[in-house]
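So the structure is just underneath, and the comments pick up after that.
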Amino acid sequence: MKFPKLLRRKRLNSALLLYFILITSFISVSFATTPNTLGYFDDTSQETRKQVCDNTLGYMQNLRINYSIAEGICLIRGVNYSYNNAGDTGPHNVNISFIGDANSVEFSDTDIPHVSVDTWRAFYCKGPTYLLDDDPTVEFIGTQPASKCILICGDTPKHGHSYYNNGSGWTLDDYEYMVEIIYEPIQTLNSSEYISGDITPTDNIDAYYVTLTENTSYLFRLDRISGTGNLSMRLVANQELTNVILANSSGNNGQIFMSFTSSSNATYILLVEASTAFVDTATYNVTYSIDKAPYSNHPNDVSTVKSGTETIDWYLYDDGMGGYYRVLTNSIPSNWYLWTNNTNLQYPIDRSSPGLYNYTIEYNDTANNWGPPDTVFVTVLDSPPTSNHPADIVTAVGSSATIPWILTDDYGAGFYRVFINLTNPSAWQPWINNTQINYPINTSSAGTFEYVIQFNDSAGQYGVTDSVTVKVRVDAPPQSNHPSDMTLIVNDTANI
């Protein structure tokens, strides 16, 4: 004789749950929940088989099971069911609908193998829309004729959960269908708390309650610890279906960030899931916290010259992925650029003109939190002009020799004058940057003379004077080679 009882199969038994509670109470990292199952049949020895077929042959039948989950609102993952087949060969198909109080989501279980003995089959919802509910209903809806359909096994006695519908409405059955609902409790994830979880080909999604404060930016962080697959996050509205996506992240095999600012004080659902369902495997840590504003390292002011190579070495820091920045040079803004956390921006300095410049950086992060602007003062110096210092010169009286001075400056030429023996300076004359002057030497008389050039640049800065010693000499009288005397015969010719 069978006695009514509620059959619950859970991955973790009570002793194991107690063990985990004791262990996790001493460490800062909690562990994600794992799927549980719930069914209302007494044992796995079937006592009937119920067709699930469409009306092709004039007879249809759908099946329904109502569940009540003691843990409250849960993520509905799928079903395990015991089935057999009608006489025709497979493959077989059936639609499975998961129904909440006001919404439902339906999937197709296809390519069901043809079997001749009662066989258990697991079906997992393929997403991205899942049902969140505490008293869900599962319906098996026929998609094949009675000659080819699957048959769901049943068990006695009845406990008031299983119904059939052959076109005349839902009728309570005398059997409990051998169908277990697969569900996963939704765990609460508190701000700044870490939870560790596992993603497997079948357990490919975890759900968490997160409570956020109005008008506050939050940063969600997912670290894949190990595995071969990519993970992603979704933040969805706390309702029956996970189809209202408020924020999401792309799949990644490393560290993932996601930002969200809540418009009200509310609780939401955070989903951690495999990027490719039924394929990816991974272990992970997940957490979230208030997204703090980014900040700068505030580099020192810079003093440089036109030929300098210094940059403004700003580092921007954030608890997430970075954001955008621009730099205002004396209030003139640059374009917006992306920045990466803790990376030197090496912002270039404009050295086109000397002067004092105000470089101010404005920046935000991916949640549009703005960091405090940071200012660096840059002094671009105009170095004094320089001379090429030509070599001393020796020339002759009356020659047209010149001194090939070349004056050079960072930004702009100025004026020069030349002293001879430190007296009688010439008039001031403009000079062209990096161009030979060819100053004329006075060769009207012999002697040694010191030519000194004095010069400045466009800013009035004087360079170091340069001197060239010039020797003007008188050349010696011309001389002959004094050829020897010659004796000639009359009519001979010769050259002297």
Side-chain angles (χ1 to χ4, degrees), residues 29-33 75 127-130 132 184 186-199 203-227 229-239 241-277 280-295 316-325 338-343 363-371:
V29 178
S30 302
F31 295 93
T33 58
L75 175 67
T129 301
Y130 298 87
L132 305 174
E184 187 163 338
I186 303 173
Q187 190 167 351
T188 297
L189 175 61
N190 297 312
S191 179
S192 300
E193 177 188 11
Y194 281 85
I195 289 185
S196 292
D198 295 288
I199 293 295
D203 185 11
N204 53 38
I205 184 170
D206 291 325
Y208 301 95
Y209 286 120
V210 294
T211 300
L212 308 182
T213 302
E214 180 182 7
N215 296 327
T216 302
S217 296
Y218 289 88
L219 184 70
F220 296 82
R221 172 178 165 179
L222 177 65
D223 294 307
R224 196 195 77 165
I225 306 304
S226 64
N230 295 339
L231 301 181
S232 60
M233 288 185 290
R234 279 193 290 156
L235 189 70
V236 300
N238 185 12
Q239 58 182 33
L241 298 182
T242 62
N243 58 351
V244 179
I245 300 174
L246 306 174
N248 60 2
S249 69
S250 58
N252 193 286
N253 62 2
Q255 190 176 78
I256 305 170
F257 293 94
M258 182 178 70
S259 298
F260 180 72
T261 300
S262 177
S263 60
S264 61
N265 296 326
T267 297
Y268 302 91
I269 303 295
L270 175 65
L271 301 175
V272 176
E273 53 196 326
S275 294
T276 305
D280 296 337
T281 62
T283 60
Y284 68 86
N285 288 335
V286 64
T287 187
Y288 75 101
S289 60
I290 293 176
D291 190 0
K292 302 179 180 64
Y295 61 96
L316 302 180
Y317 303 97
D318 189 53
D319 46 7
M321 298 173 286
Y324 287 88
Y325 77 95
L338 282 169
W339 62 271
T340 302
N341 195 20
N342 194 23
T343 300
Y363 54 98
N364 63 8
D365 61 16
T366 54
N368 206 32
N369 293 312
W370 290 87

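Model, not experiment: these values are computed from the prediction.
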Against Leu235, only a single residue in Tyr208, Tyr288, Tyr218, Phe220 fulfils side-chain contact (heavy atoms from CB on, under 4.5 Å); can you say which?
Phe220
Test side-chain contact (heavy atoms from CB on, under 4.5 Å) on Thr211 and Thr267; report intermediate values, then the result.
CA-CA 4 Å; Thr211 300; Thr267 297; 3.1 Å; yes
Within the 3.5 Å criterion, strictly below it, is a donor on Ser217 or Thr261 matched to an acceptor on the partner's side chain?
yes
Using the rule given for side-chain contact (heavy atoms from CB on, under 4.5 Å), can you reason through Val286 versus Asp206, listing the C-alpha separation, both sets of side-chain angles and the distance that settles it, and then say yes or no?
CA-CA 11 Å; Val286 64; Asp206 291 325; over 6 Å; no
Can you sort out the partners of Ser259 under side chain to side chain contact (heavy atoms under 4.5 Å, CB included), two or more places apart, ordered by chain and number?
Leu219, Asp291, Thr366, Ala367
For Ile256 and Leu231, work out which heavy atoms get closest and say how close.
CD1-O, 2.9 Å
Taking side chain to side chain contact (heavy atoms under 4.5 Å, CB included) as the definition, give me every residue that meets it alongside Ser262, ordered by chain and number, with sequence neighbours left out.
Leu212, Phe260, Ser264, Tyr268
Non-neighbouring partners of Arg224 that pass salt bridge (charged side-chain N to carboxylate O under 4.0 Å, His left out), sequence neighbours left out:
none
Does Tyr317 OH have over 12 foreign heavy atoms under 6.0 Å away?
yes
Which residues share a ring pair (Phe, Tyr, Trp, His ring centres under 6.0 Å) with Tyr209, sequence neighbours left out
none
Can Asn285 and Ser196 be counted as having a side-chain donor-acceptor contact under 3.5 angstrom?
yes
Ignoring hydrogens and angles, tell me if any N or O in the side chain of Asn204 forms a donor-acceptor pair with the backbone of Ala274 under 3.5 Å.
no
Relative to the ring of Trp339, is the ring of Tyr363 parallel (under 30°), tilted (30 to 60°) or perpendicular (over 60°)?
perpendicular
Restricting to ring pair (Phe, Tyr, Trp, His ring centres under 6.0 Å), what partner residues turn up for Tyr325, sequence neighbours left out?
Tyr337
Nearest heavy-atom contact between Pro128 and Thr242 is O-OG1, 3.0 Å
Do Ile269 and Leu271 pass the side-chain contact (heavy atoms from CB on, under 4.5 Å) test, and can you show the C-alpha distance, the side-chain angles, and the key distance before you say yes or no?
CA-CA 6 Å; Ile269 303 295; Leu271 301 175; 3.7 Å; yes
Sorted by chain and residue number, the side chain to side chain contact (heavy atoms under 4.5 Å, CB included) partners of Thr287 (sequence neighbours excluded) come out as Tyr194, Arg221
Return yes if a side-chain donor-acceptor contact under 3.5 Å exists between Thr283 and Ser226, otherwise no.
yes
